[in-house]
Enquirer: 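Below you will find the structure I want to go over with you.
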Amino acid sequence: MKIFRPLILLILPALAILGCDRSKSTAAAKSRLQLFAFSSYIPQEAIDGFTRETGIPIDYEVYPTNEAMLQKLSANPDHYDVIQPSDYMVEHLVARHMLAPLDPHQLPHLENILGEFRGLPFDPGNQFSVPYMAGTVGIVVNSDKIKAPIRGYKDVFQEKYKGRIVVVDDPREMVTWALETAGIPINDVTPQTLARVKPTLVEWVKLKNIYNSDDPKPPLLSDDRDLGVIYCGDAAALWQENHKFKYVLPAEGAHRFIDNLCIPAGSKHKAEAMAFIDYILRPEVSKMISDKFPYTNPNGAARKLLSKDQLDNPASYPPGSAKLEIFRAIGKASVDLQDMMSEIRHAD
């Protein structure tokens with residue numbers, strides 16, 4: 001028997017290791033995270049890094065708008081573990097009891113979020129949301145082609161620029177620009193205010209060349225579109241490519257958005273979801289996101305890791321003190337707005 005003891009001693013640990021690996025694999029399979037977020041917004045490197053560190057795989061499903069996310073989440077309330085709603089959608093989801101409260105004890109890196117991004121009206125106690133990235137919607141100008149001053153929406157939507165304008169594919173955004181032009185607060189969306197700005201929007205839709213929210217950079221780089229009203233992250237990438245692309249916060253006022261990470265109330269893996277959110281809050285991970293998607297980073301510790309060129313990017317971190325407003329939930333008015341813009345766009 002002594003002859004076989006060394007062999008047995010070798011086999012038993014190997015079986016134990018295989019058993020552990022099998023258990024770890026089973027646990028990982030059970031805790032597979034379902035991430036539901038905007039397209040082209042979370043680097044694959046960040047997802048892969050989390051999986052390497054924790055053994056938890058992530059399925060990354062994308063959506064184009066907050067409204068599309070809401071529709072799918074409502075139909076599958078227990079399918080998703082982490083979602084990425086914007087400010088007003090957080091407010092809407094909280095009101096409908098569709099978000100799980102966050103445990104700050106499981107989010108030690110939450111302290112990295114700057115004070116200006118905490119305690120905002122859509123989630124005053126930061127009970128349900130963690131800021132991911134912020135930004136503005138503004139005007140990008142190819143200064144090699146456009147020599148006239150561009151200060152606001154009225155300067156963009158002119159007959160002489162017809163067919164040369166790129167705009168985000170988002171009905172509420174476009175209505176917002178018309179409201180601001182009329183001096184109406186962007187959250188004052190009623191049948192009366194919609195009727196007031198409708199003629200303006202009818203004219204603007206005729207002038208635009210293309211709707212593009214996913215990646216408006218190629219048409220603007222192609223030199224046949226010279227103006228855009230787009231997300232600041234895309235404008236920042238254009239500025240990095242060529243400083244001829246100037247970013248302007250409209251004089252009438254601009255929309256400031258805050259996109260967040262949240263956990264749906266029906267999530268089956270809340271602890272793992274919390275771990276993913278805290279991972280994203282790490283300075284080096286958040287900095288990686290800024291490198292890939294140059295929006296306004298609300299993570300103060302991550303900002304300290306950014307280069308001077310990144311911090312000097314006028315689209316990522318606009319100078320001055322422009323008038324900025326955040327979207328609020330507008331209830332049924334959202335349907336009225338969508339219906340009006342659908343009518344206008346189909347008539348074009």
Side-chain angles (χ1 to χ4, degrees), residues 36-39 41-42 62-71 73-74 80 82-102 107 110 112-138 168-177 179-180 184-189 213 229-234 249-250 253-265 277 280-281 286 289 293 295-300 316-318 322-335 337-338:
F36 196 29
F38 286 109
S39 57
Y41 206 19
I42 299 181
V62 302
Y63 53 82
T65 66
N66 282 283
E67 287 69 29
M69 179 273 294
L70 175 62
Q71 185 176 21
L73 178 64
S74 298
Y80 301 105
V82 179
I83 58 174
Q84 196 181 51
S86 300
D87 31 51
Y88 72 97
M89 187 54 66
V90 171
E91 184 177 12
H92 179 78
L93 293 171
V94 170
R96 291 181 61 180
H97 308 288
M98 294 180 68
L99 295 181
L102 302 175
L107 299 171
L110 185 59
N112 292 335
I113 298 298
L114 294 167
E116 66 182 283
F117 297 98
R118 295 172 178 266
L120 296 172
F122 63 89
D123 185 12
N126 288 108
Q127 293 179 279
F128 299 95
S129 62
V130 170
Y132 173 78
M133 282 285 160
T136 53
V137 179
V168 295
D169 190 6
D170 186 318
R172 185 169 180 184
E173 286 291 352
M174 206 162 186
V175 169
T176 292
W177 312 335
L179 289 170
E180 287 173 320
I184 301 170
I186 66 174
N187 293 300
D188 185 7
V189 182
S213 291
V229 188
I230 63 176
Y231 299 121
C232 73
D234 295 314
L249 286 178
H255 167 217
R256 184 188 205 185
F257 59 84
I258 300 174
D259 296 323
N260 305 270
L261 296 176
C262 301
I263 301 175
I277 292 174
I280 292 295
L281 287 169
S286 187
I289 296 167
F293 306 112
Y295 288 86
T296 306
N297 197 324
N299 188 316
S316 302
Y317 303 96
K323 174 190 169 190
L324 302 175
E325 292 185 84
I326 293 176
F327 280 171
R328 300 294 304 273
I330 56 175
K332 180 186 177 299
S334 177
V335 178
L337 182 154
Q338 298 281 340

Enquirer: State, to 0.1 Å, how close L249 and A254 come at their nearest heavy-atom pair, and which atoms those are.
Expert: CD2-CB, 4.1 Å
Enquirer: Look at atom CD of E116 and say whether more than 12 heavy atoms of other residues, nucleotides or ligands are closer to it than 6.0 Å.
Expert: yes
Enquirer: Rounded to the nearest 0.5 Å, what separates atom CG in L281 from atom CG in L107?
Expert: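 Result: 6.5 Å between the selected atoms.
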Enquirer: Please report the shortest heavy-atom distance between P318 and T136, naming the atom on each side.
Expert: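 Reported closest heavy-atom pair: CG-OG1, 4.5 Å.
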Enquirer: Applying the side-chain contact (heavy atoms from CB on, under 4.5 Å) criterion to I280, which one of V82, I289, V130, N299 satisfies it?
Expert: I289
Enquirer: Where do P298 and A134 come nearest, in terms of heavy atoms and distance?
Expert: CD-N, 4.2 Å
Enquirer: Are side-chain heavy atoms of L93 and I83 found at a separation under 4.5 Å?
Expert: yes
Enquirer: What distance separates E325 CD from R256 CZ, expressed to the nearest 0.5 Å?
Expert: 12.5 Å
Enquirer: Is the closest side-chain heavy-atom distance between Q84 and L261 below 4.5 Å?
Expert: yes
Enquirer: Find the distance between CD1 (I113) and CZ (R118) and round it off to the nearest 0.5 Å.
Expert: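 Here the interatomic distance stands at 6.5 Å.
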Enquirer: If you compare all heavy atoms of Y41 against all heavy atoms of Y132, which two are closest, and at what distance to 0.1 Å?
Expert: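 Distance-wise, the nearest heavy atoms are O-OH, 2.5 Å.
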Enquirer: Return the CE to CG distance between M98 and L73, rounded to the nearest 0.5 Å.
Expert: 4.0 Å
Enquirer: Determine yes or no for a side-chain-to-main-chain donor-acceptor pair under 3.5 angstrom, with D123 supplying the side chain and Q127 the backbone.
Expert: yes
Enquirer: State, with a plain yes or no, whether a side-chain heavy atom of S129 is found less than 4.5 Å away from one of F122.
Expert: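 Yes, side chains in contact.
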Enquirer: Step by step, would you call S286 with N297 a side-chain hydrogen bond (donor to acceptor under 3.5 Å, both in side chains)?
Expert: CA-CA 8 Å; S286 187; N297 197 324; 3.0 Å; yes
Enquirer: Closest heavy-atom contact between P85 and V90?
Expert: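 Reported closest heavy-atom pair: CG-CG2, 3.7 Å.
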Enquirer: Could you tell me if the side chain of R172 sits less than 4.5 Å from the side chain of S334, heavy atoms only?
Expert: no
Enquirer: Evaluate the side-chain proximity of R96 to S74: yes if any heavy-atom separation is below 4.5 Å, no if none is.
Expert: yes
Enquirer: Check whether any side-chain heavy atom of N260 lies under 4.5 Å from a side-chain heavy atom of F128, and answer yes or no.
Expert: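 They are not in side-chain contact.
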Enquirer: How far apart are the C-alpha atoms of D259 and Y295, what are their side-chain angles, what is the distance that settles it, and do they pass the side-chain hydrogen bond (donor to acceptor under 3.5 Å, both in side chains) test?
Expert: CA-CA 10 Å; D259 296 323; Y295 288 86; over 6 Å; no
Enquirer: Measuring only between side-chain heavy atoms, which start at C-beta, is E180 closer than 4.5 Å to P250?
Expert: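 Result no, sub-4.5 Å side-chain heavy-atom pair not found.
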Enquirer: To the nearest 0.5 Å, what is the distance between CD1 (I326) and CD1 (I186)?
Expert: 8.5 Å
Enquirer: Does F257 have its ring centroid less than 6.0 Å away from the ring centroid of F327?
Expert: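 F257 vs F327: aromatic centres not under 6.0 Å.
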Enquirer: Roughly how far, to the nearest 0.5 Å, is OG1 of T65 from CZ of F38?
Expert: 7.0 Å
Enquirer: Would you name the heavy atoms of I258 and P131 that are closest together and state the gap between them?
Expert: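 Taking every non-hydrogen atom into account, CG2-CB, 4.1 Å.
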Enquirer: Measuring only between side-chain heavy atoms, which start at C-beta, is L179 closer than 4.5 Å to V189?
Expert: yes
Enquirer: Report the C-alpha distance between I277 and I263 in whole Å, list the side-chain angles of each, state the deciding distance to 0.1 Å, and finish with yes or no for side chain to side chain contact (heavy atoms under 4.5 Å, CB included).
Expert: CA-CA 9 Å; I277 292 174; I263 301 175; 3.9 Å; yes
